[in-house]
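Since the structure comes first, as structure tokens, the remarks are kept for the end.
Residue numbering restarts at 1 for every chain, and letters A, B, ... go by the order of the sequence lines.
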Number of protein chains: 2
Amino acid sequence: MSVAVAELTEVGSSAPLSLPAVLHALSDPVRLSIVSQLADGAEHSCNSLEVSVAKSTCSHHFRVLREAGVVAQRADGKCRLNRLQVQALEASFPGLLDAVLRTSQR
Amino acid sequence: MSVAVAELTEVGSSAPLSLPAVLHALSDPVRLSIVSQLADGAEHSCNSLEVSVAKSTCSHHFRVLREAGVVAQRADGKCRLNRLQVQALEASFPGLLDAVLRTSQR
DNA sequence: CGTTTAGTACGACGAGCATCGAACTATAGC
DNA sequence: GCTATAGTTCGATGCTCGTCGTACTAAACG
């Protein structure tokens with residue numbers, strides 16, 4: 001079982017982006033909090049975010065977000081920098097991210 | 001086991017409306033299809049909608065949608081008429097329903 | 001090289017979910 | 001009253017999910 005080459009440098013930029021998958025990714029409070037903290041447009045490492053779960057659980061949530069195409073991850077030294085896939089989401093589901101962020105950030 | 005009185009006339013108009021719950025309700029393809037078919041603003045009975053699952057499964061999905069505050073149900077003769085809770089959703093999560101419907105209806 | 005730091009992968013566990021068929025309730029029509 | 005129609009409720013089943021601890025990988029720092 002070989003791993004896609006792209007996964008080593010950049011993940012999350014070429015998925016079909018299914019609406020149910022995106023909605024499911026956003027339907028968990030922890031993941032919603034992550035997305036909310038990523039909404040400043042900057043890149044954040046995993047542990048620079050405030051999450052209330054164990055490290056492995058956090059990694060799991062990032063994977064769900066990645067596989068749904070909500071976030072992208074980039075290796076930087078010993079950190080992984082995450083950022084919201086704003087443009088891709090906006091292209092597939094215009095207005096959705098804004099609507100979610102507007103109410104979850106409050 | 002007594003049933004709440006309100007359930008016989010009207011359900012779904014006084015819930016706190018949690019964003020994760022709404023997103024979860026919308027994250028299932030069958031429920032997304034139901035919501036999409038309800039998007040004309042009219043009331044539809046359960047079996048007037050095109051769903052690909054058994055009657056009991058359909059009933060289950062309507063319950064999830066109801067409990068999340070996405071739809072409301074009203075008894076009418078031997079039918080239950082369902083309608084989208086457009087105003088309540090718009091009040092709590094402005095733009096969300098539009099964003100979801102715009103892409104799921106296509 | 002050894003150690004710390006950042007994150008992933010792997011089971012494991014318990015809870016929840018989508019699905020079904022069958023039984024039940026209630027309304028409508030004959 | 002009987003029957004058909006419309007939904008709900010009730011297990012049961014199998015899958016998925018969120019959570020955790022532990023083990024692992026890889027980069028940085030001494």
So which of residues 43-50 of chain A are in contact with DNA chain C, with a heavy-atom cut-off of under 4.0 Å?
->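 Heavy-atom cutoff 4.0 Å gives A:S45, A:C46, A:N47.
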
Summarise how protein sits on nucleotides 11-23 of chain D as a single string, 5' to 3': B when a protein heavy atom is under 4.0 Å from the base, S for sugar-phosphate-only contact, - for no contact.
-> ------SSBBBB-

Decide side chain to side chain contact (heavy atoms under 4.5 Å, CB included) for A:V71 and A:L38; before the verdict, give the C-alpha distance in whole Å, the side-chain angles of both, and the deciding distance to 0.1 Å.
-> CA-CA 9 Å; A:V71 309; A:L38 251 46; 3.8 Å; yes

Is A:V70 close to A:L26 at the side-chain level, that is, under 4.5 Å between some pair of heavy atoms?
->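 A:L26 reaches A:V70 side chain to side chain.
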
With side chain to side chain contact (heavy atoms under 4.5 Å, CB included) as the test, would you mind laying out the steps for B:L65 and B:V35 before giving the verdict?
-> CA-CA 9 Å; B:L65 289 170; B:V35 169; 3.9 Å; yes

Whole Å only: how far is the [atom1] atom of [X] from the [atom2] atom of [N]?
| X | N | atom1 | atom2 | value |
| --- | --- | --- | --- | --- |
| A:D76 | D:dA27 | CG | C1' | 11 Å |
| B:K78 | C:dG29 | NZ | P | 7 Å |
| A:L65 | C:dG7 | CG | C1' | 15 Å |
| B:L81 | C:dA26 | CG | P | 19 Å |
| B:F62 | C:dT19 | CZ | C1' | 17 Å |
| A:N82 | C:dT8 | CG | C1' | 13 Å |

Under the side chain to side chain contact (heavy atoms under 4.5 Å, CB included) test, residues paired with A:C58 that sit two or more places apart |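 Checked A:C58 against side chain to side chain contact (heavy atoms under 4.5 Å, CB included); matches are A:V51, A:V53, A:F62.
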
Check side chain to side chain contact (heavy atoms under 4.5 Å, CB included) between B:H24 and all other residues, then give those that pass, not counting sequence neighbours.
->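 Here the qualifying residues are A:S27, B:S27, B:R31.
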
Is it possible for you to say whether A:L81 and A:V64 belong to one hydrophobic cluster, with membership spreading through side-chain heavy-atom contacts below 4.5 Å?
->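 No, because A:L81 and A:V64 fall into different hydrophobic clusters, even though each may have its own neighbours under 4.5 Å.
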
Just how large is the angle between the end axes of the helix from C:dC1-D:dG30 to C:dC30-D:dG1, five pairs per end, to 10 degrees?
->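 Inter-axis angle at the ends, rounded: 20°.
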
Assess whether side chain to side chain contact (heavy atoms under 4.5 Å, CB included) is satisfied between A:N82 and A:I34, documenting all intermediate values.
-> CA-CA 10 Å; A:N82 303 277; A:I34 291 175; over 6 Å; no

B:T103 side chain vs B:V100 backbone, donor-acceptor pair below 3.5 Å =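 Such a contact is found between B:T103 side chain and B:V100 backbone.
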
Give a yes/no on whether any side-chain N or O of A:R80 is located under 4.0 angstrom from OP1 or OP2 of D:dT25.
->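 Answer no for this pair, as no side-chain N or O of A:R80 is under 4.0 Å from OP1 or OP2.
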
So does B:Q73 get a side-chain nitrogen or oxygen closer than 4.0 Å to the phosphate oxygens (OP1/OP2) of D:dT8?
->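 Looking at the OP1 and OP2 atoms of D:dT8, one of them is under 4.0 Å from a side-chain N or O of B:Q73.
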
Which is it for A:Q73 and A:C46 under the side chain to side chain contact (heavy atoms under 4.5 Å, CB included) test, yes or no, and what are the steps along the way?
-> CA-CA 10 Å; A:Q73 206 172 47; A:C46 296; 3.9 Å; yes

For A:L17 against A:G69, the heavy-atom pair lying closest together =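 Of all heavy-atom pairs spanning A:L17 and A:G69, the closest is CD1-CA, 3.7 Å.
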
Partners passing side chain to side chain donor-acceptor pair (under 3.5 Å) against B:H44 (at least two apart in sequence or in another chain) =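 Here the qualifying residues are B:D40.
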
